[in-house]
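Each chain gets a letter, A, B and so on, in the order the sequences are listed, and its residues count up from 1.
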Number of protein chains: 2
Amino acid sequence: MVQRGRRTAKVSGDERQDTILITAEALLAERAFDDISIEELARGAGISRPTFYFYFGSKDEVLLALLDRVITEVEHRVGDLPRDFESDPAAAWTRSIGMFVEVFAAHRGVSTAAIAARARNEEVRALWSKSMQSWVDFSSDVIRSEQARGAAPEGVDAHDLAVSLNLMNERVITAVLDAESPAIAETSALHVLSTIWIRSIYGSDNPGRR
Amino acid sequence: MVQRGRRTAKVSGDERQDTILITAEALLAERAFDDISIEELARGAGISRPTFYFYFGSKDEVLLALLDRVITEVEHRVGDLPRDFESDPAAAWTRSIGMFVEVFAAHRGVSTAAIAARARNEEVRALWSKSMQSWVDFSSDVIRSEQARGAAPEGVDAHDLAVSLNLMNERVITAVLDAESPAIAETSALHVLSTIWIRSIYGSDNPGRR
DNA sequence: TGACAGCGTCAACACGGCGTCGAAAAGTGG
DNA sequence: CCACTTTTCGACGCCGTGTTGACGCTGTCA
């Protein structure tokens with residue numbers, strides 16, 4: 001959890017801080033981050049602009065806190081996932097990818113704003129990068145062990161493959177959520193993504209079950 | 001730049017405009033777009049800020065012009081590429097992808113700034129989207145014909161596959177150019193990307209030559 | 001040749017959002 | 001009810017954007 005702004009913890013203060021976050025997420029659902037002013041965030045939380053600075057040091061800090069929540073949710077759900085890559089690889093990968101799609105779709109405003117904010121903000125970049133790193137580590141560990149047991153062919157470095165596939169997911173999911181053009185339908189995204197993962201990891205559509 | 005001879009107003013204007021573009025690309029090589037002010041662009045071109053507005057309506061318009069040049073270069077080079085997908089599919093895809101990597105690497109400042117600016121600017125988004133569309137069209141045409149001749153398996157919609165792979169390239173290339181973390185080494189990017197393309201299009205590392 | 005059109009130029013202004021400061025108000029403990 | 005801390009905000013200064021009105025230069029033509 002990222003603690004910023006207020007130093008001491010007071011209940012009413014925490015409520016205010018929460019109200020700001022709720023206001024921000026609500027506004028992000030309908031408007032781009034850049035088009036939201038601190039004034040609006042403050043008004044939405046029933047305070048004045050200078051008072052906003054009592055709770056957060058900047059607009060970016062609000063986004064950072066919001067992103068932190070989303071990432072925590074992902075981590076939580078990653079932990080709950082069954083890891084039966086050996087018995088049914090295709091299903092296991094598809095479930096993982098599907099989980100990401102679900103969580104990011106549920107917080108599309110925050111996700112797309114945060115991803116865009118990486119370019120500008122060091123802390124957002126660091127936080128995103130840290131999570132990305134842990135997903136990449138997870139994927140490349142699995143890929144490596146699939147290669148070791150002979151289920152997946154060598155020929156590409158597991159780490160490089162994992163990075164590329166994770167970056168693809170990030171990009172395709174944001175394109176879908178923002179309904180970019182060209183993009184793909186939200187309904188077919190999961191199928192395409194998991195097909196690409198499976199084909200490029202196993203070199204086949206039906207990796208051997210065990 | 002002193003004005004003399006029978007130069008018409010238009011020519012000197014074009015030169016000024018060009019100077020602004022050159023200044024912008026130079027600054028973009030060392031600094032983020034947001035950290036460059038119109039004042040700097042103007043000074044770099046030897047004019048005052050208001051005069052800048054005579055040539056461009058906004059900073060974004062400068063970026064748009066720069067992006068346009070890069071895209072034109074890509075289109076030009078796409079046209080020069082041999083299209084021997086039937087005789088050596090792997091080499092043909094690798095060459096195409098390599099060309100993108102090269103051009104974007106040669107203009108990394110512009111590329112990354114433009115991609116970031118999509119979120120904010122409608123025209124940048126439209127221009128990028130148009131090019132992306134044409135690359136996607138090209139890729140999906142080839143994929144479809146590879147599927148038709150039996151070289152590539154069905155199982156995924158060619159268009160969806162093409163979109164996802166192109167988006168992956170965009171994301172991986174920008175990650176590499178910005179030396180993001182996690183990312184992959186610039187030297188291995190081409191190999192990983194083309195492996196993923198080939199495996200996910202053909203379901204194998206060595207698609208049949210003809 | 002001189003007067004005039006209009007182009008390129010810029011000083012100065014208006015505006016809007018950000019961040020800060022200091023002081024007032026509200027809350028808390030003795 | 002006083003002293004002290006927490007919370008709040010009015011008012012200010014700053015910065016970057018975009019606009020406006022006027023000035024000089026240059027090419028043109030009566």
Side-chain angles (χ1 to χ4, degrees), chain A residues 3-24 27-28 31-66 113 116-117 119-124, chain B residues 1-24 27-28 31-66 113 116-117 119-124:
Chain A
Q3 175 75 294
R4 244 155 258 288
R6 283 173 70 267
R7 307 270 172 264
T8 62
K10 263 291 183 185
V11 176
S12 85
D14 278 357
E15 278 169 11
R16 271 276 136 90
Q17 198 155 359
D18 240 47
T19 312
I20 294 175
L21 291 176
I22 291 166
T23 305
L27 288 176
L28 275 176
R31 215 119 54 76
F33 186 69
D34 289 347
D35 297 339
I36 298 171
S37 69
I38 291 181
E39 178 74 40
E40 288 178 280
L41 252 32
R43 282 238 193 85
I47 55 179
S48 72
R49 198 169 59 81
T51 301
F52 167 92
Y53 285 98
F54 183 79
Y55 295 103
F56 293 96
S58 67
K59 217 171 46 161
D60 280 357
E61 245 171 50
V62 174
L63 184 57
L64 194 66
L66 249 16
R120 196 180 3 117
N121 186 293
E122 175 57 39
E123 295 178 294
V124 170
Chain B
M1 204 164 300
V2 183
Q3 168 90 256
R4 62 190 129 117
R6 311 181 355 181
R7 298 262 171 110
T8 65
K10 183 146 200 307
V11 172
S12 107
D14 278 358
E15 279 170 9
R16 271 277 141 87
Q17 198 155 350
D18 242 45
T19 311
I20 294 174
L21 291 176
I22 291 166
T23 305
L27 288 175
L28 274 177
R31 215 117 56 74
F33 186 70
D34 289 347
D35 296 339
I36 298 170
S37 70
I38 292 181
E39 179 73 40
E40 287 177 280
L41 253 30
R43 266 216 291 265
I47 55 178
S48 74
R49 200 169 56 80
T51 301
F52 167 91
Y53 286 98
F54 181 81
Y55 296 103
F56 293 96
S58 65
K59 216 172 42 163
D60 280 356
E61 237 170 59
V62 175
L63 183 57
L64 194 67
L66 249 17
R120 191 176 12 112
N121 187 292
E122 175 58 38
E123 294 177 296
V124 171

No-H, no-angle donor-acceptor pair, B:Arg49 side chain to D:dG18 base, under 3.5 Å: yes
Integer-rounded Å distance: C:dG8 P and B:Gln17 CD: 11 Å
Interatomic distance, A:Asp60 CG vs C:dG17 C1' [rounded to whole Å]: 14 Å
Residues, nucleotides or ligands: over 12 heavy atoms within 6.0 Å of A:Arg31 CZ: yes
d(CD, B:Glu61; P, D:dG18) in whole Å: 10 Å
Candidate list A:Ile38, A:Leu66, A:Ile47, test side chain to side chain contact (heavy atoms under 4.5 Å, CB included), partner A:Ile20, passing option: A:Ile47
B:Thr51, nearest nucleotide to its side chain (from C:dC10, C:dG19, D:dT7): C:dC10
Separation of atom CG in B:Leu41 from atom C1' in D:dT17, rounded to whole Å: 13 Å
Among D:dT17, C:dT9, C:dC18, the nucleotide that comes nearest once only the side chain of A:Lys59 is considered: C:dC18
Between P of D:dT20 and CZ of B:Phe52, the distance in whole Å: 17 Å
Minimum side-chain heavy-atom gap A:Gln17-A:Phe56 below 4.5 Å: yes
Euclidean distance, atom CG of residue A:Asn121 to atom P of C:dC18 [Å, nearest integer]: 15 Å
Shortest side-chain distance from B:Pro50, nucleotide among C:dA11, C:dC18, D:dT8: C:dA11
Beyond-backbone contact of B:Arg120 with B:Asp60, side-chain heavy atoms, under 4.5 angstrom: yes
Residue of the set B:Val62, B:Leu41, B:Leu63 for which side chain to side chain contact (heavy atoms under 4.5 Å, CB included) holds with B:Leu21: B:Val62
Separation of C:dC10 P from B:Arg16 CZ (nearest whole Å): 8 Å
Proximity to the side chain of A:Ser48 - top-ranked nucleotide from D:dC9, D:dT8, C:dT20: D:dC9
Short side-chain N/O contact from B:Tyr55 to OP1 or OP2 of C:dT9, under 4.0 Å: yes
Closest listed nucleotide, where the reference is the side chain of A:Ser37 and the choices are C:dT9, C:dG17, D:dT17: C:dG17
d(OH, A:Tyr53; C1', D:dG13) in whole Å: 13 Å
